[in-house]
Amino acid sequence: MKVLQINSVCGYGSTGRIVTDLADILQENGHECLIAYGRGQAPAKYQNCSVNFGNSWDFRFHVLRTRLLDEHGFGSKKVTQHLIQIIHDFNPDIIHLHNIHGYYLNIEVLFDYLKNYGKPIVWTLHDCWAFTGHCAHFSAVGCEKWKIHCSSCPQKGTYPASLLLDKSALNFKRKHNIFTGLSNLTLITPSQWLSSIVKESFMREYSIQTIYNGIDLNLFKPLKNSVYQKYNIDLNKKIILGVANIWTQNKGLKDFIKLSHLIDKQYQILLVGLSDSQIHALPQSIIGINRTNTLQELIEIYSAAYVYVNPSIEETLGLTTAEALACGTPVITYNKTAVPEVPDESCGIVVDCKPESIVNALPKIQYISQENSIKRSQTFEKRKNYTYYIDLFQKIYSASLSSQP
């Protein structure tokens, strides 16, 4: 079986690591895999099974078109035609789409081709961009226009930001026409929450399955550490930890600052992933650090924490929460989007979206065992979850063969 994966990046970032993880498992099971991506450079390990069809000039023009015309996804015609040639030459049995936004792909050109390709297509939706007129997430502003027809977008200035025009109404109509009507398309979501959202969108005509993203439990596990000494934290204090690749208000940075004024002196907030300017703006009661230098350093921080708090209000799953559980650390999450799916009642507490609710939950964390947290993390074991993709590929591939005359 030959599988072609298409994504914005390869080998880095959350989706980039997912495509390489899937490539590893496909190859280990005797299948052939090619990753076609539009930006950056693949790690050396994957350069023999990947191809970059984009270029920096096209990327810049697509960004400009997005900023000025609000036409994200409608640039990059020439490089998309290059991608179609790659598909033709590789002749995959299954095409697996991931993020098809990110300033590198023309959705009209690609889907005009896919509608006539005749072989199975699987599309993993990592966010909500496919069925909105503009944004990738809408929960923070409570917008529900996407259920009927987007217009006058309240998030025109968010990714993929438009500085001038608002074409959300036209974009919605175009996406509706482009992304519907494929007889051979299966959708995958990384959470039940996103699955329920998709079923309210114009993409509800398709079969939708949920496969959780995964983490490597050989790496994420409790480790002895010197975190208290390294960051000069009082040994009598309990660490409240927050981690993000990019800290935005929707990730909960403002709520952590409010929380710092509500907790008593037995707790110490430690935030990982902040920019220098964000660290400089923090109150003295919060310890902020940039990205960790190594994965082991991050795992040690997870292991040292009393509780991991995820106050994000825009997540399609939230794997940092699973990483914390794998390191034996219980969690508190807001009851918003998909994050509450990660813990169960044995290892975490789901609260209302306000810092006061976190404060009330903190004393209850002491009754959660490390063993329960680790046990729950097994739900997100990488190899097991990504094997579900292989099973799905084989099922739909066999069905496509049997349907041929």
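The figures here come from the full heavy-atom set of this structure, side chains too, leaving out hydrogens, waters and symmetry mates. Worth saying up front: this structure is predicted, and the values here are computed from it rather than measured.
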**Message:** What I'd like to find out is whether the side chain of I246 reaches to under 4.5 Å of the side chain of K251, using heavy atoms alone.
**Reply:** no
**Message:** When you compare the side chain of D344 with that of T379, does any pair of heavy atoms fall below 4.5 Å?
**Reply:** no
**Residues I368, S373; criterion side-chain contact (heavy atoms from CB on, under 4.5 Å); working and verdict** = CA-CA 8 Å; I368 298 177; S373 297; 4.1 Å; yes
**Asked** Of all heavy-atom pairs between H134 and T158, which one has the smallest distance, and what is that distance?
**Response** NE2-O, 3.0 Å
**Prompt:** Within 45° of the ring axis of W129 and under 6.0 Å from its six-membered ring centre, is that where the NZ or CZ of K175 lies?
**Reply:** yes
**Polar side-chain atom of D352 near backbone of K354 as donor-acceptor pair, under 3.5 Å** = no
**Close side-chain approach of F220 to L319, heavy-atom, < 4.5 Å** = no
**Prompt:** Is it true that a side-chain atom of H62 and a backbone atom of H72 form a donor plus acceptor pair closer than 3.5 Å?
**Reply:** no
**Fill in**
In this structure, CD1 of I263 is separated from NZ of K238 (nearest 0.5 Å) by 12.0 Å
**Message:** Is the shortest side-chain heavy-atom distance between I269 and S285 below 4.5 Å?
**Reply:** no
**Message:** More than 12 heavy atoms of other residues, nucleotides or ligands under 6.0 Å from CG of D391: yes or no?
**Reply:** yes
**Asked** Do the side chain of R65 and the main chain of F74 share a donor and acceptor less than 3.5 angstrom apart?
**Response** yes
**Request:** Please say which of D58, N106, N55 ends up in a side chain to side chain donor-acceptor pair (under 3.5 Å) with S76.
**Result:** D58
**Exam field: side chain N225 to backbone L223, donor-acceptor pair closer than 3.5 Å** = yes
**Message:** Is it the case that atom NZ in K145 sees more than 12 heavy atoms from other parts of the structure closer than 6.0 Å?
**Reply:** yes
**Note, Y231 side chain near I289 side chain (heavy atom, < 4.5 Å)** = yes
**Request:** Say whether Q296 and E300, considering side chains only, have a donor N or O and an acceptor N or O under 3.5 Å apart.
**Result:** yes
**Asked** Parallel under 30°, tilted from 30 to 60°, perpendicular over 60°: which one fits the rings of Y103 and F59?
**Response** perpendicular
**Prompt:** Where the side chain of T292 meets the backbone of E297, is there a donor-acceptor pair that is under 3.5 Å apart?
**Reply:** no
**Prompt:** Where do L125 and P190 come nearest, in terms of heavy atoms and distance?
**Reply:** O-CD, 3.1 Å
**Message:** Using modelled atom types and a 3.5 Å cut-off, is there a donor and acceptor pairing between side-chain atoms of N7 and backbone atoms of N99?
**Reply:** yes
**For E371, salt bridge (Lys or Arg N to Asp or Glu O under 4.0 Å) partners two or more places apart** = none
**Message:** Is there a side-chain contact (heavy atoms from CB on, under 4.5 Å) between L295 and E323? Walk through the geometry before answering.
**Reply:** CA-CA 11 Å; L295 181 59; E323 291 170 356; over 6 Å; no
**Message:** Please check this pair: side chain of N52 against backbone of V9, looking for a donor-acceptor N/O pair closer than 3.5 Å.
**Reply:** no
**Message:** Distance alone, cut at 3.5 Å: any donor-acceptor contact between the side chains of H126 and T316?
**Reply:** no
**Asked** NZ of K254: more than 12 outside heavy atoms within 6.0 angstrom?
**Response** no
**Item:** Y397 OH to I94 CD1 distance, which is reported to the nearest 0.5 Å
**Value:** 8.5 Å
**Message:** If you apply the rule side-chain contact (heavy atoms from CB on, under 4.5 Å), what do you find for Q268 with D234, and how did you get there?
**Reply:** CA-CA 9 Å; Q268 172 63 62; D234 186 335; over 6 Å; no
**Prompt:** Which is it for L164 and D70 under the side-chain contact (heavy atoms from CB on, under 4.5 Å) test, yes or no, and what are the steps along the way?
**Reply:** CA-CA 8 Å; L164 295 178; D70 194 20; over 6 Å; no
**Prompt:** What do you reckon, are the aromatic ring centroids of F202 and F172 less than 6.0 Å apart?
**Reply:** yes
**Prompt:** Do the non-hydrogen side-chain atoms of I6 and I87 ever get within less than 4.5 Å of each other?
**Reply:** yes
**Message:** Could you check whether any side-chain N or O of K115 sits under 3.5 Å from a backbone N or O of T180, counting only pairs where one atom can act as donor and the other as acceptor?
**Reply:** yes
**Fill in**
To the nearest 0.5 Å, atom CG of L182 lies from atom CD of E205 at 8.0 Å
**Request:** Taking atom types as modelled, find out whether E356 and N360 have a side-chain donor-acceptor pair closer than 3.5 angstrom.
**Result:** no
**Salt bridge flag under 4.0 Å for residues K336 and E314** = no
**Message:** Check whether Q155 reaches the backbone of C135 with its side chain - one donor and one acceptor, N or O, closer than 3.5 Å.
**Reply:** no
**Request:** Would you tell me whether Y334 and D255 have side-chain atoms, one donor and one acceptor, within less than 3.5 Å of each other?
**Result:** yes
**Residue pair L217 / S377, side-chain heavy-atom distance below 4.5 Å** = yes
**Prompt:** Given the side-chain rings of Y37 and Y104, with only the six-membered ring counted for Trp, is the space between their centroids under 6.0 Å?
**Reply:** no
**Message:** Would the distance check show the side chain of Y386 and the main-chain N or O of G214 forming a donor-acceptor pair, the cut-off being under 3.5 Å?
**Reply:** yes
**Prompt:** Does some side-chain heavy atom of S56 sit less than 4.5 Å from a side-chain heavy atom of R60?
**Reply:** yes
**Prompt:** Can you name the closest pair of heavy atoms from Q366 and Y306 and give their distance?
**Reply:** N-OH, 3.1 Å
**Item:** Between CG on residue L165 and OG1 on residue T66, distance to nearest 0.5 Å
**Value:** 11.5 Å
**Asked** Side chains of D166 and S168: donor-acceptor distance under 3.5 Å anywhere?
**Response** yes
**Asked** With under 30° as parallel and over 60° as perpendicular, where do the rings of Y308 and Y302 fit, or are they tilted in between?
**Response** perpendicular
**Request:** Answer with yes or no whether the side chains of E341 and Y212 bring together a donor and an acceptor at under 3.5 Å.
**Result:** yes
**Item:** Atom of K221, atom of S303 and distance for their closest heavy-atom approach
**Value:** O-OG, 3.7 Å
**Fill in**
Exactly one candidate in T337, N335, V331 meets side chain to side chain contact (heavy atoms under 4.5 Å, CB included) with T333; the answer is V331
**Asked** Do F179 and W123 have ring centres separated by under 6.0 Å?
**Response** yes
**Asked** Using a distance-only test with no angle check, is there a side-chain donor-acceptor pair under 3.5 angstrom linking D127 and H101?
**Response** yes
**Item:** Which atom of S357 lies closest to which atom of V351, heavy atoms considered
**Value:** CB-CB, 3.7 Å
**Item:** Between K119 and N91, a side-chain donor and acceptor under 3.5 Å
**Value:** yes
**Asked** Between atom CG of L68 and atom CG of L163, what is the distance when rounded to the nearest 0.5 Å?
**Response** 7.0 Å
**Request:** Taking the six-membered ring for Trp and the full ring for Phe, Tyr or His, determine whether the centres of H31 and F393 are under 6.0 Å apart.
**Result:** no
**Complete:** In this structure, CG of L110 is separated from OH of Y113 (nearest 0.5 Å) by 9.5 Å
**Item:** Closest approach of C327 to P222 (non-hydrogen atoms, all atoms of both residues)
**Value:** O-CG, 3.5 Å
